[in-house]
Amino acid sequence: MPNKTIYVSDGDLGLYQRAQDLAGGNLSSAIASALRRYVELEEGIREGFDEIVVRVGPKPGRKVRFTGVFLGEWVTTSSSRVETFRVYRGRTGKFVLHVERTPDYRVVDSKGNPGGWRANLGLDWNASYGMSPGESTLDVIASLDELREKIPPQLYEMVASSAERPAVEDLDI
């Protein structure tokens, strides 16, 4: 196995020791993992992609990260919730669909019927209120045809028109 010598300044010695501890004593593994992540990110940036971090799951959710380019966003609303659809293209050409849903809010009158404007303003003393938590999802989709079934038609038109464009266009000028 080839050897490489890394010179570490006194100021960075603690960092290297902590990395080795986190890697279970294998500093070589920690360095290789960090370099792999660095190379992937830098190559993506040079190809015109961005590092994207989104939350997934019930609020507050966990963070997930990927490299991609933003293609479009569409927001739909109803009387009880807002849905935000965002589409990205990943470095491998697949599409990433991130959907954020606000909490689902419901108001009913004393008979269980949807509450009217009085209930929504808090003027109906016999109204009941309820709310489910908000959530976010992330789906990786292989093709435009599959994507069409999962997003509003207006967003699909925006995404389809820009999906095949390169993330960065090199001009010879």
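In what follows, residues are counted from 1 in the order of the sequence shown.
- Listed by first and then second residue, the salt bridge (Lys or Arg N to Asp or Glu O under 4.0 Å) pairs involving residues 75-85 are Glu83-Arg101 (not counting sequence neighbours).
- Contact detail for Val56 and Leu138: the closest heavy-atom pair is CG2-CB, 3.8 Å.
- Every side chain to side chain contact (heavy atoms under 4.5 Å, CB included) that Arg55 has, sequence neighbours left out, goes to Lys63.
- The CG atom of Leu71 sits 9.0 Å away from atom CG of Leu155, with the distance rounded to the nearest 0.5 Å.
- Looking only at side-chain heavy atoms (C-beta outward), Tyr156 and Leu144 come within less than 4.5 Å of each other.
- Among pairs with a residue in residues 33-43, those fulfilling side-chain hydrogen bond (donor to acceptor under 3.5 Å, both in side chains) read Arg37-Glu51, at least two apart in sequence or across chains.
- Considering every non-hydrogen atom in both Ala19 and Leu27, the closest pair reads CB-CD1, 4.2 Å.
- By the side chain to side chain contact (heavy atoms under 4.5 Å, CB included) test, Ser128 is found to be paired with Val108, residues two or more places apart in sequence or in another chain being considered.
- When the salt bridge (charged side-chain N to carboxylate O under 4.0 Å, His left out) test is applied to Arg148, no partner is found at least two apart in sequence or on another chain.
- Sorted by first then second residue, the side-chain hydrogen bond (donor to acceptor under 3.5 Å, both in side chains) pairs that include residues 19-29, not counting sequence neighbours, are Gln17-Asp21.
- Sequence neighbours left out, not one pair with a member in residues 131-144 passes salt bridge (Lys or Arg N to Asp or Glu O under 4.0 Å).
- For Ala127, the side chain to side chain contact (heavy atoms under 4.5 Å, CB included) test picks out Val107, Ala119, Asp124, Tyr129, with sequence neighbours left out.
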Which pairs would a plain distance check flag for residues 6-14, meaning a side-chain donor or acceptor within less than 3.5 Å of a matching protein atom at least two apart in sequence or in another chain?
| from | atom 1 | to | atom 2 | distance (Å) |
| --- | --- | --- | --- | --- |
| Ser9 | OG | Asp12 | N | 3.4 |
| Ser9 | OG | Asp12 | OD2 | 3.4 |

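- Distance NZ/Lys150 to CZ/Phe85: 11.0 Å, rounded to 0.5 Å.
- Residues Val69 and Ile141 are members of one and the same hydrophobic cluster, defined by side-chain heavy-atom contacts under 4.5 angstrom among Ile, Leu, Val, Met, Phe, Trp and Tyr.
- Of all heavy-atom pairs spanning Arg89 and Phe49, the tightest one is O-CE2, 3.6 Å.
- Every residue two or more places apart in sequence or in another chain that forms a side chain to side chain contact (heavy atoms under 4.5 Å, CB included) with Thr92 is listed here: Lys94.
- Chaining together hydrophobic side chains whose heavy atoms lie under 4.5 Å apart places Leu41 alongside Ile45.
- The hydrophobic clustering, which links ILVMFWY residues whose side-chain heavy atoms are closer than 4.5 Å, places Phe95 and Val54 apart.
- A 4.5 Å side-chain heavy-atom check between Asp50 and Phe70 finds every atom pair outside the cut-off.
- With values rounded to the nearest 0.5 angstrom, Ile151 atom CD1 is found 12.0 Å from Thr76 atom OG1.
- Within the model, atoms CG of Asp104 and CE of Met131 stand 10.0 Å from one another, a figure rounded to the nearest 0.5 Å.
- Residues that satisfy the ring pair (Phe, Tyr, Trp, His ring centres under 6.0 Å) test with Phe66, not counting sequence neighbours, are Tyr88.
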